[in-house]
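Working notes, beginning with the structure itself.
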Amino acid sequence: MKRTLLFFFLPFIISTYLSYILFIKACDYAMNVQAEKPLPFNHKTHMTKYNISNCEFCHGYYENGRFKGIPTVAVCKQCHEGKTAAEKIFFKNYKDTDTPWTSFAQQPDLVYFSHIAVMKNKKTAQCASCHGNKGVSMTTAKIKGKMLMGQCMDCHDSLKISNKCMVCHD
Amino acid sequence: MNKKWGMAIDLDKCTGCGACQVACMQENNMPIFKDDSDLPKRVTFLDLMKVTNDKDAKKKYGEVQVAFVPKMCQQCEGNNLGAHQPIPLETVKKRVLGGEKVFFPGITYDEQDNMLYKPEVVYTKDMVEDLEKKGVKSVYFDNSQPPCVSVCPVVATDVGDDGVVSQVWSRCIGCRYCQTACPYEARAFNWWNPRYEGDFKKSLNPDVSLSSRGAVVKCTFCSHIWKRERDKLLAKGEKDLNKVKYNPACVSACPTNAIIFGDLNDPESPVYAKKLNNDERAVRLVHSIDKADPKVREKWIAKKNYPNPKVYYLSSQKWLRDILVGFKNS
């Protein structure tokens, strides 16, 4: 008797499982979870060897307050002159127009997220509170999750910042 | 935030050119449909209505007058029914101890405006004793809500800290309760998926999300422009968000400065609410309680929920004011 019940529900179980996987994959694709760049960048050496403690040295803001995001090759060229053999290969291979050169943690269209409002306001977050401790990472892979709404709301709750819809959505 | 954004529209200055409507549609990524000029199902945030004093076509030549009224979401706030009488905690305690089911329809606050409990939380003996320990002597509740917010089943629409009624299109399930509840018909329903011809999609505003088919959309006083201006101010090193000033797209587009935007709480702003309430020229749409006798007004405002919008219309013509206020036989 039990076996027939199992056989009866098997298609439902399989289809539910498959649709679950499909849903998760679609969410990951939409939120850009596999955002690893085709670039052997090492945050740790830049932080420790060259003593760059401020993230804004490379990830800064424009004059109107927009976040610059991932630095362009021109920013790298401010320090690297491109004389050594490794640097020559690097500047030859990587261009700003390379295809998976997208944003790191993409938010959906309905979110108006601005980094400067979170980082330069009265109550501020740390870079690590959303992105994980990137300063000690050796690759460009994503450390921390995909920034769901609950994560934002927990922080807003604990810092007693308004949690109205209008604060982030538009 | 102590801002309360509001708008004043001087209909004597308005020429009916429609620049505000075009600017609004472009700023908020409104889709373009085939022959969208005069359909009831069109999607616009700002509607330019033609009003005439010649409803029955009986007026003679020379007596007919026409005015154009730009009508967007009026950002109602509702009148706060609970704020009129603070309730002493002793009476609450008596009612709770008497075995009565005590709850308030709005968020309850203490005397220092600290939020105590969410709406419709049933008070128990422990909760009242806890409040007594904190030193709370009286509570009052705030249930001021626009008509659309209280009916939304999925919290897609909400009142922001600056009094602007927000709407998240992606959260909307398209039940259209809010459209029915709205006294101004300021909300529009997207009957079709948005279509953009040719290269139009490249010129869309990235700050505003596109709404899909089956969602209710409305004017939000261009809140994304406020966010843009806030980012500019923060980049300069300013941290006080009350200093952010902005103008919605319709205000910037108006060639005759008929639409003015500002803070209703600020005595120096051109749309100071107390000044406008005493102005004879100023009316609010379908809000005849404003023009009633002060005693009658106080009596009814304490009893009944009025929309209490934040958009004022100014006109020197009496027939137009009567139509806008919603008097009978006007």
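Note that the structure is a prediction, hence the values are computed from the model and not measured. Labels below follow one simple rule: chain letters A, B, ... track the order of the sequence lines, proteins then strands, and each chain is numbered from 1.
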Legend entry - Side-chain (Asp170(A)) to main-chain (Asp207(B)) donor-acceptor, under 3.5 angstrom: no

Inset, instruction - Specify the closest pair of heavy atoms between Val168(B) and Cys165(A), including all atoms of both residues, with the distance to one decimal. - result: CG2-CB, 4.1 Å

Inset, instruction - Calculate, to the nearest 0.5 Å, the distance between atoms CD and NZ belonging to Glu238(B) and Lys120(A) respectively. - result: 13.5 Å

Legend entry - Side chain / backbone / both / neither for Leu233(B) at chain A, heavy atoms under 4.5 Å: neither

Legend entry - Point-to-point distance, once rounded to the nearest 0.5 Å, from NZ of Lys164(A) to CG of Asp162(B): 10.5 Å

Inset, instruction - Supply the atom-to-atom distance Glu63(A) CD to Lys232(B) NZ, rounded to the nearest 0.5 angstrom. - result: 11.0 Å

Inset, instruction - Work out which heavy atom in Leu110(A) is nearest to a heavy atom in Ser209(B); give both atom names and the distance. - result: CA-CB, 3.7 Å

Legend entry - More than 12 heavy atoms of other groups within 6.0 Å of Arg213(B) CZ: no

Inset, instruction - Identify the two heavy atoms, one from Leu234(B) and one from Ala117(A), that lie closest to each other, and give their separation to 0.1 Å. - result: CD1-CA, 3.5 Å

Legend entry - Whether over 12 other heavy atoms sit under 6.0 Å from Tyr177(B) OH: no

Inset, instruction - With the side chain counted from C-beta on, respond yes when Trp169(B) and Asp109(A) share a heavy-atom pair under 4.5 Å apart, and no when they do not. - result: no

Inset, instruction - Measure Arg171(B) against the heavy atoms of chain A and call it side chain, backbone, both or neither at under 4.5 Å. - result: side chain

Inset, instruction - Return yes if some donor-acceptor pair links the side-chain N/O of Lys227(B) with the main-chain N/O of Met166(A) below 3.5 Å, else return no. - result: yes

Inset, instruction - Would you mind telling me which of Val208(B), Asp161(B), Leu210(B) has the largest number of heavy-atom pairs within less than 4.5 Å of chain A? - result: Asp161(B)

Inset, instruction - Please check if atom CD in Glu87(A) has more than 12 non-hydrogen atoms from other residues, nucleotides or ligands closer than 6.0 Å. - result: yes

Legend entry - Top contributor to chain A contacts, counting heavy-atom pairs under 4.5 Å, from Val164(B), Asp240(B), Asp158(B): Asp158(B)

Inset, instruction - Identify which part of Val159(B) has an atom lying under 4.5 Å from any heavy atom of chain A, answering side chain, backbone, both or neither. - result: backbone

Legend entry - Exercise: identify the closest heavy-atom pair between Arg230(B) and Tyr112(A): NH2-CE2, 4.1 Å

